[in-house]
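Each remark here refers to the structure printed beneath this line.
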Amino acid sequence: INGDTVQISPGVHSGTGNCDIIVDGRRILITGTSSPSLTVVDCSGVAHRTNSGFITRNLDSLTVIANLEIRNASIGIMVEGECPKIHHVR
């Protein structure tokens, strides 16, 4: 829902459902609750279409992705259309 916040707890988040995360048309904040080095989206070992951390579509600058590290992805954040704000993402 527009205006919501998705908080990701510290840890290494990997496996099915933790890669190619689609953010489509939502004005939301997706953020790690700690520093980027402690909140990791790890795409290793998962055979996906794009092998990216996030796929963003139909967004604007009111969508924010912050405080995360994306590992083992061929594309960290695939942007289709306008780019969300990206802060402290490695």
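- One hydrophobic cluster, built from ILVMFWY side chains closer than 4.5 Å, cannot hold both L38 and I86; they sit in different ones.
- Cluster membership for L29 and V23, using ILVMFWY side-chain heavy atoms within less than 4.5 angstrom, is not shared.
- Side-chain atoms of N67 never come within 3.5 Å of backbone atoms of P36 as a donor-acceptor pair (strictly under, hydrogens ignored).
- Across every non-hydrogen atom of S52 and A73, the tightest pair is CA-CB, 4.0 Å.
- For the atom pair CG (N72) and OG (S44), the distance works out to 4.5 Å, reported to the nearest 0.5 Å.
- Put simply, V6 and V89 are part of the same group of oily side chains (I, L, V, M, F, W, Y) that touch within less than 4.5 Å, one to the next.
- The nearest pair of heavy atoms linking T33 to P10 is OG1-CD, 3.2 Å.
- Contact check for I70 versus I77: side-chain heavy atoms found under the 4.5 Å cut-off.
- Here NE2 of H13 is found 7.5 Å from CG of N18. Values are rounded to the nearest 0.5 Å.
- Residues S37 and R71 share a closest heavy-atom pair of O-NH2, 4.4 Å.
- A distance of 13.0 Å separates OG1 in T39 from NE2 in H88, rounded to the nearest 0.5 Å.
- Atom CD1 of I21 sits about 7.0 Å away from atom SG of C43, to the nearest 0.5 Å.
- The line from SG of C19 to CD1 of I55 is 8.0 Å long, rounded to the nearest 0.5 Å.
- What you find for L68 and T31 is that their closest heavy atoms are CD2-C, 4.5 Å.
- Each of T63, V64, I8 was checked for a side chain to side chain contact (heavy atoms under 4.5 Å, CB included) with I30, and the lone residue meeting it is I8.
- Of the possible polar contacts, none joining the D4 side chain to the I28 backbone as a donor-acceptor pair under 3.5 Å is found.
- For the atom pair I22 CD1 and F54 CZ, the distance stands at 12.0 Å (nearest 0.5 Å).
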